[in-house]
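Computed from a predicted structure; not experimentally measured. Just so we're on the same page: letters track the sequence lines, and every chain starts at 1.
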2 protein chains.
Amino acid sequence: MLPELKLQPLRCVLAIIDQGGFHAAAKHLHRSQPAISMAVGELESRLGQALFEKGSGKARLTPFGQWCEPRFRELVAHHDRLSRDALAMASHQVGRVDIAAVPSVASRLMPDILASFVVDYPGIEINLHDGNSELVRSMVLKAEVDLGITSLWQAEEGLDFTPLLQDAVGVVCRDDHPLADCDPLHWRELSGHTLIRNGTSRLLEGSPAAGLLTHSTLYVSNMISLTAMLEAGIGITTLPRLAFQEERRRLRFIALAEPLLERRIGLLSRTGVSLSPAAQAMRQHVMARLDHSRSR
Amino acid sequence: MLPELKLQPLRCVLAIIDQGGFHAAAKHLHRSQPAISMAVGELESRLGQALFEKGSGKARLTPFGQWCEPRFRELVAHHDRLSRDALAMASHQVGRVDIAAVPSVASRLMPDILASFVVDYPGIEINLHDGNSELVRSMVLKAEVDLGITSLWQAEEGLDFTPLLQDAVGVVCRDDHPLADCDPLHWRELSGHTLIRNGTSRLLEGSPAAGLLTHSTLYVSNMISLTAMLEAGIGITTLPRLAFQEERRRLRFIALAEPLLERRIGLLSRTGVSLSPAAQAMRQHVMARLDHSRSR
DNA sequence: GAAGCAAGGTAAGATTTCCTGATCGTTTTA
DNA sequence: TAAAACGATCAGGAAATCTTACCTTGCTTC
C-alpha cells in the first residue's frame with residue numbers, strides 16, 4: 001500500500017537541489033550520474049509525480065517537488081540524528097550508568113576510578129549509590145542499578161559476581177591500646193577486650209574467631225559513630241582494611257594473622273540481561289583500574 | 001561515518017518486539033525467518049551493539065535495544081506519515097489550488113464546476129479569486145494563482161493558453177428599447193444610441209464597430225452599476241453573453257450578427273513550471289466539464 | 001530421560017537491486 | 001557554429017538480500 005521511501009534516493013533529491021544539478025549531486029555523493037538519474041526516476045514513479053521538471057536543460061523542482069523538499073529534508077535529518085545518537089550510545093560516548101557500592105568502596109576506591117572514567121567518557125552520566133552489601137545486592141537484583149561493587153556471601157541465581165580484590169580483616173583500636181603494637185595478631189589475643197560489632201562483623205562468622213561475637217554487647221552500624229567510640233577508647237572492633245579510615249591518627253589497624261579472614265570484593269551484575277553500553281564501559285573501566293592497581 | 005539505518009531492518013526489529021519473536025515477525029512481514037535474523041544481525045553489527053539478547057531461547061531486548069526501540073518506532077512512523085502524505089498529495093486527495101477567473105466566469109461557470117470538483121476531490125482546498133482579464137493574467141504570471149480562466153488578447157511568453165469556449169458579444173438594453181426586438185443586429189443599427197462602455201468593450205476594438213466607442217462618453221466598470229444604469233434606460237452596452245445576467249427581467253441580450261465578435265475564454269497557466277498535483281486535477285476537471293457542457 | 005517441538009542461527013544458491021561505463025539527444029555557452 | 005554541459009537510456013556486472021535446507025539449543029511431554 002504505502003510506498004517505501006528509501007533514504008538514499010531522498011538524499012539524491014536533496015543533493016540535486018543543494019548542488020544544483022545531477023552531475024554535481026553525483027560528484028557530491030560519490031556516485032555516477034546515471035545512478036542519480038535512476039534513483040530519482042524510481043522515486044518519482046513510486047510517488048506517481050515528477051519531482052523535477054522534465055525536458056528543460058537544468059534541474060528545477062516541480063511544485064510537487066517543492067512540497068516534498070522540506071519534508072524529505074526533515075526525514076533525512078531525523079534519520080541522521082538517530083544514527084548519530086545510536087552510535088554515540090553504542091560507542092560509550094553518551095549514556096548513563098547507575099552503580100551501587102558498599103561505603104568503603106564508594107569512599108576509598110570510587111573517587112579515583114570515577115575521576116579517570118569521566119576523563120575517558122566525558123559524555124556518560126554516572127549515578128553512584130552506597131549502602132551495605134545487602135542493599136547493593138538487592139539494588140542489582142531489582143535492576144535499580146546496572147552494577148554493584150560489594151562482597152558477596154554466596155553465589156545467587158540471577159547474579160553474576162566477578163572478584164576484583166581481596167580485603168583482609170583486621171582489628172582496629174586506639175594507638176594507646178595494649179593491642180596496638182601486636183602485629184601480627186592471633187584471634188585469641190582479642191578475648192577479654194571490649195569488642196564493638198559493626199556491619200562487617202559477620203565476616204568473622206564461620207571462623208574460629210566467631211566466638212568473640214557472642215561476648216560482644218555493642219553493635220554500631222554507623223561508621224562515624226564507630227570511629228568516635230574507638231577514638232574514645234571504649235573498645236576495639238574488626239574491620240576490613242578498606243573500611244578503615246587511615247587518616248585517623250589515633251587509630252591503628254592490625255592485620256589478623258590467624259585466622260586470615262578476607263572478604264572478596266567484586267563486581268555484581270544481573271545475569272541474563274546484558275549491560276547498557278555505558279555500563280559495559282564502566283565495568284571494563286573498573287576491572288582495568290583494579291587490575292592495574294593490584295599489579296603495581 | 002554515520003551508518004545508514006535502512007528502514008526495513010528497523011521494521012524487522014519492531015516486528016520482532018511486537019510479534020514476540022523472529023518467526024512471528026517473519027510471518028507478519030511475509031519474509032522468511034532467516035531474512036529477519038540476518039537483517040537484525042546486519043543492523044547490530046552496524047551499530048556495534050546487540051539489540052536482542054543472545055543465547056537465550058526467546059527474543060528479548062538488551063538495554064541498548066530498549067533505548068533504541070522508541071526511537072526506531074518514531075523514525076518509522078515519521079517515514080510512514082511522509083509516505084502517506086506524499087502519496088495523498090500526488091494522487092490529488094489533498095492539496096490546494098488557487099484559481100483566478102474573470103467575474104463572468106467566476107459567477108456563471110465556476111459554481112457548477114467547483115461543486116462537482118469538491119465531490120470528486122473532497123480533500124483539496126480551493127481558493128477562487130476574481131478580477132478583470134488583466135488582473136487574472138498578471139496573477140498567473142506572478143504565480144499568485146495556479147490557474148487562470150479568462151480571455152487572452154495575445155499569446156505571451158511564459159503563459160500557456162488553452163481555449164475552452166467562445167463567448168459571443170451582443171448588445172444589452174432594456175426591454176422597451178427600440179433595439180430590443182431587433183435580432184439579429186448589425187453594428188450600424190447601434191449608431192445614434194447612447195452606448196455605455198464597460199471593461200469588455202475593448203472586444204470591439206479592431207472590428208468595424210470600433211468607431212462606436214469613440215462616440216461613447218460613459219464608462220462603467222462595475223457590473224452592478226452598469227446593470228442599474230441599463231435598467232434605468234440610460235443607454236445600451238455591449239457584453240459577452242456570459243457576462244450578461246439573464247435573471248434581469250427588464251434587460252435583453254441581442255446577439256451581434258455583424259460583426260460576429262467572440263472572446264475566447266480559456267485556461268491560463270505558466271509555461272515551464274508544471275502544475276501542483278491539485279492544480280493538475282483542477283485543470284483536468286475544468287476541461288472535462290466545459291467539453292462536456294459544450295457538447296450537449 | 002528420551003522424543004518431540006519450537007526457537008533462532010548458519011550456509012549455499014538464486015533473485016533482485018543497484019551501480020557503472022558508454023552513448024545519445026538536447027540545451028546552453030564560447 | 002562548434003564545443004561543452006546536462007540529463008536520459010541501455011547493457012553488463014557487482015552487491016545486497018532473500019529463500020531453501022539444515023543445524024544447535026532449550027523446553028516440553030510422555
Practice prompt. Rounded to the nearest angstrom, tell me the gap between atom CD1 in A:I36 and atom P in C:dC18.
Written response: 13 Å

Worksheet item: Just how far, in rounded Å, is C1' of D:dC23 from CZ of B:F22?
Response: 17 Å

Worksheet item: For B:F52 and C:dA7, what is the distance between atoms CZ and C1' respectively, to the nearest whole Å?
Response: 14 Å

Item to complete: Applying side-chain contact (heavy atoms from CB on, under 4.5 Å), name anything that partners B:M139, two or more places apart in sequence or on another chain.
Response: B:A100, B:H129, B:L135, B:E144, B:V145

Item to complete: Say whether A:S104 and A:R263, considering side chains only, have a donor N or O and an acceptor N or O under 3.5 Å apart.
Response: yes

Worksheet entry | Non-neighbouring partners of A:H23 that pass ring pair (Phe, Tyr, Trp, His ring centres under 6.0 Å), sequence neighbours left out | none

Practice prompt. Take atom NZ of A:K54 and atom P of D:dT9, then tell me their distance rounded to the nearest Å.
Written response: 8 Å

Practice prompt. Return no unless some side-chain N or O of A:S37 is found under 4.0 Å from OP1 or OP2 of D:dA8.
Written response: yes

Worksheet item: Over how many whole Å does the gap from A:I16 atom CD1 to D:dA8 atom C1' extend?
Response: 13 Å

Worksheet item: Between B:H23 and C:dA6, is there a side-chain N or O to OP1/OP2 distance below 4.0 Å?
Response: no

Name the pairs: protein N/O against N/O of nucleotides 11-21 of chain D, kept only if under 3.5 Å.
residue, atom, partner, partner atom, Å
D:dT17, OP1, B:K6, NZ, 2.8
D:dT19, OP2, B:S32, N, 2.7
D:dT19, OP2, B:S32, OG, 2.8

Worksheet item: Among pairs that include at least one residue of residues 75-87 of chain B, which meet salt bridge (Lys or Arg N to Asp or Glu O under 4.0 Å), considering only residues two or more places apart or in two chains?
Response: B:R11-B:D80

Response to the item:
Sorted by chain and number, sequence neighbours left out, ring pair (Phe, Tyr, Trp, His ring centres under 6.0 Å) with A:F117 holds for A:Y121, A:H285

Worksheet entry | Between C1' of D:dG7 and CZ of A:R60, the distance in whole Å | 14 Å

Response to the item:
Contacts of B:R73 meeting salt bridge (Lys or Arg N to Asp or Glu O under 4.0 Å) (sequence neighbours excluded), chain-then-number -> B:D18, B:E69

Item to complete: Grab the CD-P distance between B:Q19 and C:dG8 for me, whole Å please.
Response: 12 Å

Worksheet item: A:E4 CD to C:dT16 C1': how many Å, rounded?
Response: 16 Å

